[in-house]
Amino acid sequence: MGITPPILEPENWQSALAAFDWQVEMGVSDWVQDDPVNRYDLPERLERPVVDSPARSKPAPEAAAQVLQVDAVAVAQKAADEAGSLAALREAIAAFDHCDLKKGARSTVFADGNPTARVLILGEAPGREEDQEGLPFVGQAGQLLDRMFDAIGLSRHSADPATALYITNVLPWRPPQSRDPSPEEIAMMRPFVERHIELANPDIIVALGNTPCMALLGEKGILRLRGTWAQALNRPVLPMTHPAYLLRTPAAKREAWADLLSLKARLQAARS
Ligand code: URA
């Protein structure tokens, strides 16, 4: 397909790449300009841009030391500790500039559902639809997630904490091409995740996939971990396979159903 691309004024290479990805996802294969260009008219020798030599562009030693001294995890920890409410935490995350994923994302995806819910679902990171809408789990995997939890009487739309869900992700920004988040990105955003859980104060956390298991339990291997109750941040954690995995591997739905029944039983036992 050939269309005239929108005028893009990216601020950095991450947003340029995100804009390019978006066009490819929309099906753009060729760029067409309004006016034809006669390539034979181009000057024979284009002037070479002047590039600073490495020696000239080297930062002063003090400046380089300052750059190295920024400890993004410590900055995240301080910002998270200072957030006294979910609204303040949302603002703190939106203002955090040390994670490069933010530069390529359209939205900072914070959470959805009922913050007073007894069950908090922790996912990995927004995908394309979530980045577009600014809400977690709204794409195909999110629709499956809604159906799965609906089957045991839990919904993000419920006003009753006993039947409600609160949904968030380890990372609030979409990684390029929806790649897996790196250990550095997970470590950097972990203080925000911890604070998010403290402030929402759920009785139970469901960790969907490897990224939340890494963030909460310090290990991955979701096919081994799933279905076995663990403990993190002073509350029970149930690791489950991610709905995106279930869409690709329908045979794994049987085990996911067993995990949902285990969650239902735990909620009922706590109530009686
Ligand atoms: N996958 C996730 O882990 N989170 C989302 O919000 C969407 C897809």
Side-chain angles (χ1 to χ4, degrees), residues 18 21-22 25 86 89-90 93-94 96 99 101-102 104-115 117 119-150 154-157 164-190 192-194 196-197 200 202 204-217 219-223 225-226 230 232 237-250 252-253 255-256 259-260 263:
D21 280 348
W22 177 78
E25 276 170 17
L86 288 171
L89 185 70
R90 181 194 282 263
I93 293 174
F96 182 72
C99 181
L101 294 179
K102 181 180 179 184
R106 250 181 277 178
S107 314
T108 298
V109 177
F110 183 68
D112 194 20
N114 182 342
V119 177
L120 180 146
I121 294 184
L122 185 62
E124 302 195 326
R128 185 161 58 89
E129 285 90 348
E130 289 77 18
D131 185 38
Q132 269 163 6
E133 291 197 30
L135 290 172
F137 283 103
V138 291
Q140 244 196 317
Q143 286 159 27
L144 175 58
L145 178 145
D146 284 340
R147 288 198 301 275
M148 284 163 59
F149 286 86
D150 208 41
L154 301 178
S155 160
R156 67 172 100 189
H157 304 295
L165 289 174
Y166 185 58
I167 306 177
T168 185
N169 284 307
V170 174
L171 291 165
W173 299 293
R174 182 195 180 196
Q177 268 94 37
S178 297
R179 65 156 167 77
D180 285 345
S182 70
E184 292 74 21
E185 288 158 352
I186 296 173
M188 199 185 289
M189 299 313 288
R190 192 173 184 276
F192 292 115
V193 175
E194 279 188 15
H196 205 153
I197 291 168
I204 287 176
I205 303 168
V206 175
L208 288 181
N210 274 320
T211 302
C213 286
M214 199 61 213
L216 294 180
L217 309 175
E219 56 179 330
K220 52 185 194 173
I222 188 63
L223 297 182
L225 296 170
R226 64 135 284 278
V237 177
L238 177 63
M240 284 185 62
T241 44
H242 195 283
Y245 172 78
L246 297 176
L247 286 172
R248 294 192 302 272
T249 321
K253 283 185 183 168
E255 289 170 344
D259 299 345
L260 286 170
L263 170 63

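Counting convention: from 1, in listed order, for ligands and their atoms alike.
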Proximity winner for atom 4 (N) of ligand 1, if only heavy atoms of L145, T168, N169 are counted: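 Ranked by closest heavy atom to atom 4 (N) of ligand 1, first place is N169.
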Closest protein heavy atom (residue, atom, distance) for atom 1 (N) of ligand 1: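 Residue, atom and distance for the closest contact: H242 NE2, 3.2 Å.
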Nearest non-hydrogen protein atom, atom 5 (C) of ligand 1: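 Atom 5 (C) of ligand 1 sits closest to the protein heavy atom A125 O, 3.4 Å.
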Which segment of P136 sits under 4.0 Å of ligand 1 when only heavy atoms are counted: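 Contact part for P136 vs ligand 1: both backbone and side chain.
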E130, portion touching ligand 1 at heavy-atom distance under 4.0 Å: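 The part of E130 near ligand 1 is the side chain, not the backbone.
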R156: which of N114, D150, D146 passes side chain to side chain donor-acceptor pair (under 3.5 Å):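 Result: among N114, D150, D146, D146 is the only option passing the side chain to side chain donor-acceptor pair (under 3.5 Å) with R156.
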Aromatic ring pairing F96/W173, orientation class (parallel under 30°, perpendicular over 60°, tilted between):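 Taking W173 first and then F96, their aromatic rings lie parallel (interplane angle under 30°).
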Parallel, tilted or perpendicular: rings of Y166 and H196 (30°, 60°):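 Ring orientation, 0 to 90° scale: perpendicular.
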Heavy-atom closest pair, residues P212 and L122: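 Distance-wise, the nearest heavy atoms are CG-O, 3.3 Å.
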Which of the ligand 1 atoms, numbered from 1, are nearer than 4.0 Å to a heavy atom of G123: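 Result: 3 (O).
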Heavy atoms from other residues, nucleotides or ligands near CD of Q140 exceed 12 (cutoff 6.0 Å):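 Open: at most 12 neighbouring heavy atoms sit under 6.0 Å from CD of Q140.
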